Protein chains: 2
Amino acid sequence: MKELTIPLESGGKVPLYEQIYQYIKQDILDGKISPGEKLPSTRLLAKYLQVSRSTTDLAYGQLLSEGYVRTVPGSGYYVCRIQHELLQLTGNGYGSPVRMDRWPAGSPIGGAFGWQGSVQSAGCDGVQGAVQSAGCDGIWGNVQSSEYDGVQRKPIRCDFSLEEVEWSNFSMTSWRKAVKCMLQEEMDGLFEAGIPQGEENLRQEIGRYLYQARGVSCQAQQIVIGAGNEYLLMLLDQMLPARAVAMESPTYRQAYQTFCNLGWEIAPVSMDAAGMRPKELNDSGANLAYIMPSHQFPLGTVMPMKRRMELLQWAAKAKERYIIEDDYDSEFRYKGKPIPSLQGSDPYGRVIYLGTFSKSIAPAIRVSYMVLPLELLAAYRTRCGFYSSTVSRIQQQILYHFMREGYFERHLNKMRRIYHSRHDALLQSLKGQSWARQIYGENAGLHMLVEVQTDKSEETIVRQAAQRQVRVYGLGEYSIRPKGDKAKPILLLGYARLTEEQIAEGIRRLQQAIEE
Amino acid sequence: MKELTIPLESGGKVPLYEQIYQYIKQDILDGKISPGEKLPSTRLLAKYLQVSRSTTDLAYGQLLSEGYVRTVPGSGYYVCRIQHELLQLTGNGYGSPVRMDRWPAGSPIGGAFGWQGSVQSAGCDGVQGAVQSAGCDGIWGNVQSSEYDGVQRKPIRCDFSLEEVEWSNFSMTSWRKAVKCMLQEEMDGLFEAGIPQGEENLRQEIGRYLYQARGVSCQAQQIVIGAGNEYLLMLLDQMLPARAVAMESPTYRQAYQTFCNLGWEIAPVSMDAAGMRPKELNDSGANLAYIMPSHQFPLGTVMPMKRRMELLQWAAKAKERYIIEDDYDSEFRYKGKPIPSLQGSDPYGRVIYLGTFSKSIAPAIRVSYMVLPLELLAAYRTRCGFYSSTVSRIQQQILYHFMREGYFERHLNKMRRIYHSRHDALLQSLKGQSWARQIYGENAGLHMLVEVQTDKSEETIVRQAAQRQVRVYGLGEYSIRPKGDKAKPILLLGYARLTEEQIAEGIRRLQQAIEE
């Protein structure tokens, strides 16, 4: 590490950690440290600056909490992409980094501070647990709110986002009709206390839908409605005796972060072409497995029946062992017969089925549901039965009418057609590219993966694509175990919010970025 | 304990614990064991029946989870009041006790089983931790869903409920107007991803309201909107380093149960006339205090300024010490000047202010909010910033318009008048009663307390009142520490949902119950 000179004023008004925080922040804002660059470990930095480790911990903690850096488990701290708009905001508005009054507005420290592009992994052994407590604090915590369009801060014109859905085709007319049904029929009862696990009529509708569309076998009394999957995981946390969860690696990071926050031990289990490896799962010691058998996120793997049976047998082998089946986007399948849910094939009653309207309608609707095995109902009632539903009756009744009147099914059919076209357009575009070495996860869901034939790293491609106003996502960000040997970069491309023209243009620009 | 003969079939098809569970359940359903009666401890029962302790634990756990019995910390298991309607339901509908198919429909066991009315406290040392894990599992868990109208199951005609509010006076017209504003103005953006901590415009409105009505001093960026107080406590659980919380005893049981579920150690701190005792708080070792200074639930105590300052100083004395101020019903004050929030008097930035629309509009609206101290914002963003808001944008925008157009204020003024009349009617009725030894908690909120001059126990009065079709609530149910020496019974009387006539009639019937 060269030119490592932060001229710290000890005994001054500004605490040492704030001086370090301020200095690094300014360097990030000035572009002296680029997005994706790795920072030295807090241990190394403390050693170089001759300050205590807790001082550098605090400084990094601050940077982390404000979204300037993020951690990658087992690897270290990386500079985030910061949204252009964010940089122009004052400290007051929402969405800006938290700037408390006691921090000086400008950087109080002069001098040059040259960052090494990467610190060897030997320097990273001290990173884990650097911020406040051990484990997975803050991982990805602020990534969403601090995306950045690359060094030159050009506006992004084509975002292959994995989180958004197409809601501009949503039939507002149907929705308004459902709202009106609600206003006419239910208004008087809407302020009565609701049923904690969700309105009876909505649960009946969901149960019917799940049986028909996903082969889920349940009664309405097994369904719990909640405001988002993460909230439902918080309930499960309070119901399940297990404290360790086996997760696919890579996996859905919101679920990972939630389990981390709740103090669970995470056992990352690797995947083969059929999904989570049963032997590794068995050896993990976990009594809970979180999987996405219908269309794994982010890999897109569809779990074949044989593997499903193996996992179910694992669950049946011990008391109080459960599988969470997150069936987040199985509404969208463009080829072949949809595979019924794992829950529907479970003779042992060990599958907790998790579903959502986030993909099928929009994340903003904030309605998810879980189907509990019968043997968990008692635990739900005892531990969580006193929590009122987090979804208001108004919202539930609108959704009920939306489903009841057939609007939901019509909406799904329409969206399936739209997404199918976009899926085909993306596949088409990719197939013409010489660098597109292999494509995964097609024919279902709202994103696919492409392995890139290149010597560049994922981070480089992501950055260079951003300079061409295209946002793509590296698979590495979703890994929950330390990176292994250098494999070819794999990009995640969500197509839900992009028109066919945007997709074609996006892939053209991506090609330029890869081949530049 | 006499006639203790459950003829257990060992080695039969039905496990021993199910036989015991089934037998006791049947006795409860048949009225052979009455609501309020205490069951023998699992230890004693196991000894008498010559089965293992884990068998009786399981049986009681099942009864507990289905709401047939409840636990009182440090005391034992008591038979719950079961709703009449509940008993008539089949096992399929929602709200019925969970009856899984493998359980035989009728009681498989014959013979008489005489329950002792109460087991001496010597028999209770084994109760704590009897169900699954130690501490506070399942306490009150199912009380709400298994209230019962007394032995003779007459319908309740007058419920002095503490949880309901008067929503029949709610101006549906204003609400409809707010819905229409939302439909007209916001519809197109309603499906875009929302802001995790809540819509900017709604937070601005709430901030303005809190400043004007409660003297809360904050910026919109400090406000986090969530679907209910319990959800916000789940977020705080993930943000705060403390693991022990000091709570007033008696306290709000939903909050108590939530902290228990989340694995917090609870330090019950007693109260004097000014509120939580500072010395006891200081000795508790907790770094978080949960208090209701404006109108303590259930006692109705209003904390004077001096005590507020003492508690704030306690919070300032150590790093990362916080006070949660639950300001659940301070909108309603009928005499004197409202006392500003504790948050508004806090120079140290250690108060987490918790507010809700549950009392001011209705619990069914499912919108609460918290105001974080500035120094907790970073922790919120890092740990919880990735959780999407649990309140849908639709709901938030309706509420925004409802506040913005002045409907909320008008509603509050109207409700204040209505509740004031009911408050006065109740006070008037009580003042004429010779048994009403002392009245507490008047002039604010939506309930008051009355100490009863009688030799009867709280439980007896509650039961006998139910037989006269009046539901009242005993203070003992809200205690979070083992009961001390026998004080006079204290009843909690909520008046929000009762007309003045109902109140007068209810107190007349209560008088008959007390004096019979």
Side-chain angles (χ1 to χ4, degrees), chain A residues 62 64-67 92 94-95 98 100 137-138 140-142 144-145 163-164 167 170 172 176 179 183 187 190-195 197 200 219-221 227-228 230-231 234 238 254 257 261-262 362-366 374 377-379 381-383 385-395, chain B residues 62 64-67 92-95 98 100 137-138 140-142 144-145 163-164 167 170 172 176 179 183 187 190-195 200 219-221 227-228 230-231 234 238 254 257 261-262 362-366 374 377-379 381-383 385-395:
Chain A
Q62 197 60 46
L64 188 68
S65 72
E66 296 185 15
N92 289 328
Y94 170 80
V98 183
M100 303 181 199
D137 292 71
W140 303 315
N142 273 35
Q144 245 185 309
S145 62
E163 291 173 1
E164 289 188 86
W167 44 261
F170 187 79
M172 293 301 169
R176 274 204 191 85
V179 172
L183 284 176
M187 206 59 191
L190 279 184
F191 290 97
E192 279 189 85
I195 293 164
Q197 70 184 90
E200 171 77 23
Q219 294 178 292
Q221 64 165 354
E230 286 74 28
Y231 174 71
M234 290 180 206
Q238 296 173 45
Q254 252 90 335
Q257 178 80 52
N261 273 3
L262 296 172
I365 196 174
R366 289 289 87 206
L374 282 170
L377 281 191
R381 302 252 167 117
T382 318
R383 307 296 300 261
F386 72 98
Y387 292 127
S388 300
S389 176
T390 42
V391 183
S392 74
R393 294 190 78 175
I394 294 173
Q395 181 81 357
Chain B
Q62 195 62 45
L64 189 67
S65 70
E66 296 184 15
N92 288 329
Y94 170 79
V98 183
M100 301 178 200
D137 293 71
W140 303 314
N142 272 34
Q144 247 186 308
S145 62
E163 290 173 0
E164 290 187 85
W167 44 262
F170 187 79
M172 293 300 167
R176 273 205 191 86
V179 171
L183 284 176
M187 206 59 191
L190 280 185
F191 291 97
E192 279 188 85
I195 294 164
E200 173 77 23
Q219 295 179 292
Q221 64 166 353
E230 287 72 30
Y231 174 71
M234 290 180 205
Q238 296 173 44
Q254 253 90 335
Q257 178 80 50
N261 272 4
L262 297 171
I365 198 176
R366 289 289 86 206
L374 282 169
L377 281 190
R381 302 256 167 115
T382 318
R383 307 296 301 262
F386 73 97
Y387 292 126
S388 300
S389 176
T390 41
V391 184
S392 73
R393 294 190 79 175
I394 293 172
Q395 181 81 356

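These numbers come from the heavy atoms of this one structure, side chains and all, not from hydrogens, waters or symmetry mates. The chains referred to below are lettered A, B, ... by the order of the sequence lines, with proteins before strands, and numbering in each begins at 1. On a predicted model such as this, the values are computed, not experimentally measured, just so you know.
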Within-4.5 Å side-chain heavy-atom neighbours: Thr390(B) and Arg366(A):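 Contact flag for Thr390(B)/Arg366(A) side chains = no.
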Look up atom OH in Tyr231(A) and atom CE in Met234(B), then write down how far apart they are to the nearest 0.5 Å.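 So the OH of Tyr231(A) and the CE of Met234(B) are separated by 4.0 Å.
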Spacing of CD belonging to Gln257(A) relative to CD belonging to Gln238(B), to within rounding of 0.5 Å: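 Taking CD in Gln257(A) and CD in Gln238(B), the distance rounds to 9.0 Å.
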